[in-house]
Amino acid sequence: MKKFIEEFKAFALRGNMLDMAIGVLIGGAFSSIVTSLTDNFIQPILNVVTGAATYGLQDVMGFVSTFVSALVNFFIMALVLFCILKAFNKLMVLGKKEEPVAAAPTTKKCPYCCSEIAIEATRCPHCTAELPKEAGDKQPV
């Protein structure tokens, strides 16, 4: 049972799953904008064109305020989801261990006397042998 819960947790917390969940929530919030646009702008325009209804200034202001309310609700929902996702991503980063980055080597071995020498050296200070050029070595000036 413990393995099942761990597998479900890994499945539910994958990036793709979270993106899909956020997309569904944003899509639901956006549908209210489309519904408001239809009910408050398109339908009244069709009613006026067909002569089915006439609207006063107060009615038009009501339509506009309802549509603006739907827009504000959408942006609040998007902002809340953004903040939740940002906090979740920060928590996921805190849970992961950082892998140490390997430092670039600063020394190399002399192929003749096997002593440690600086990586930029062109001649061994111990045996005074001239070192062969390697692919990454800089040319002396």
Side-chain angles (χ1 to χ4, degrees), residues 1-127 129-141:
M1 184 68 171
K2 189 174 184 179
K3 184 178 179 184
F4 176 77
I5 292 172
E6 288 176 9
E7 287 176 0
F8 179 75
K9 182 180 171 185
F11 169 75
L13 298 180
R14 278 192 322 198
N16 295 345
M17 269 313 237
L18 292 174
D19 292 343
M20 187 176 71
I22 296 294
V24 167
L25 292 173
I26 291 289
F30 188 73
S31 71
S32 68
I33 291 177
V34 173
T35 302
S36 178
L37 179 70
T38 303
D39 292 344
N40 296 310
F41 285 105
I42 296 173
Q43 193 66 32
I45 289 172
L46 291 175
N47 287 341
V48 168
V49 169
T50 60
T54 57
Y55 300 105
L57 183 60
Q58 204 168 20
D59 296 328
V60 172
M61 292 307 291
F63 295 151
V64 171
S65 67
T66 305
F67 181 71
V68 169
S69 175
L71 279 175
V72 169
N73 287 340
F74 172 77
F75 286 119
I76 289 172
M77 173 72 88
L79 177 68
V80 168
L81 289 174
F82 173 75
C83 292
I84 289 172
L85 192 61
K86 192 156 181 77
F88 183 79
N89 286 339
K90 188 171 274 195
L91 286 174
M92 292 301 287
V93 168
L94 290 177
K96 291 183 179 178
K97 295 179 182 176
E98 292 185 23
E99 295 180 19
V101 178
T106 58
T107 60
K108 62 182 177 180
K109 285 194 174 223
C110 173
Y112 302 106
C113 68
C114 295
S115 60
E116 291 284 324
I117 57 174
I119 200 153
E120 296 89 17
T122 56
R123 188 175 287 273
C124 178
H126 303 286
C127 67
E130 194 168 325
L131 301 173
K133 301 268 187 241
E134 292 182 13
D137 285 352
K138 295 179 184 176
Q139 295 292 334
V141 180

- Task: Tell me, please, which residues at least two apart from Pro125 pass side-chain contact (heavy atoms from CB on, under 4.5 Å).
- Result: Ile117
- Item | Sequence-distant partners of Ala129, side-chain contact (heavy atoms from CB on, under 4.5 Å), two or more places apart |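 Ala129 satisfies side-chain contact (heavy atoms from CB on, under 4.5 Å) with Tyr112, Cys127 once adjacent residues are dropped.
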- Evaluate whether atom CZ of Phe82 has more than 12 neighbouring non-hydrogen atoms of other residues, nucleotides or ligands under 6.0 angstrom away.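 Not more than 12 within 6.0 Å, no.
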- Task: State which residues pass side chain to side chain donor-acceptor pair (under 3.5 Å) with Glu6; sequence neighbours excluded, sorted by chain then number.
- Result: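 With neighbours one apart ignored, the set is empty.
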- Excluding sequence neighbours, so at least two apart, what forms salt bridge (charged side-chain N to carboxylate O under 4.0 Å, His left out) with Glu116?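 For Glu116, no residue satisfies salt bridge (charged side-chain N to carboxylate O under 4.0 Å, His left out) once neighbours in sequence are set aside.
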When rounded to the nearest 0.5 angstrom, what distance separates [atom1] in [X] from [atom2] in [Y]?
{"X": "Leu25", "Y": "Ile84", "atom1": "CG", "atom2": "CD1", "value": "9.0 Å"}
{"X": "Ile33", "Y": "Met77", "atom1": "CD1", "atom2": "CE", "value": "11.0 Å"}
{"X": "Ile42", "Y": "Leu37", "atom1": "CD1", "atom2": "CG", "value": "4.5 Å"}
{"X": "Glu120", "Y": "Thr106", "atom1": "CD", "atom2": "OG1", "value": "8.5 Å"}
{"X": "Lys109", "Y": "Cys124", "atom1": "NZ", "atom2": "SG", "value": "12.0 Å"}

With a cut-off of 3.5 Å and sequence neighbours excluded, list every side-chain donor-acceptor pair involving residues 48-61.
unit_1: Thr50; atom_1: OG1; unit_2: Leu46; atom_2: O; d: 2.8
unit_1: Thr50; atom_1: OG1; unit_2: Asn47; atom_2: O; d: 3.4
unit_1: Tyr55; atom_1: OH; unit_2: Asn47; atom_2: ND2; d: 2.9
unit_1: Asp59; atom_1: OD2; unit_2: Gly56; atom_2: N; d: 3.2

Show me the side-chain donor-acceptor pairs of residues 66-76 shorter than 3.5 Å, one per line, residues at least two apart or across chains.
unit_1: Thr66; atom_1: OG1; unit_2: Gly62; atom_2: O; d: 2.7
unit_1: Asn73; atom_1: ND2; unit_2: Ser69; atom_2: O; d: 3.3

- Item | Flag side-chain contact, heavy atom, 4.5 Å: Thr122 against Leu131 | no
- Ile119 side chain reached by Thr107 side chain, heavy atoms, under 4.5 Å: no
- Query: Can you check whether Ser32's main-chain N or O pairs, donor with acceptor, with Ser36's side chain at less than 3.5 Å?
  - Reply: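 Not a single qualifying donor-acceptor pair exists.
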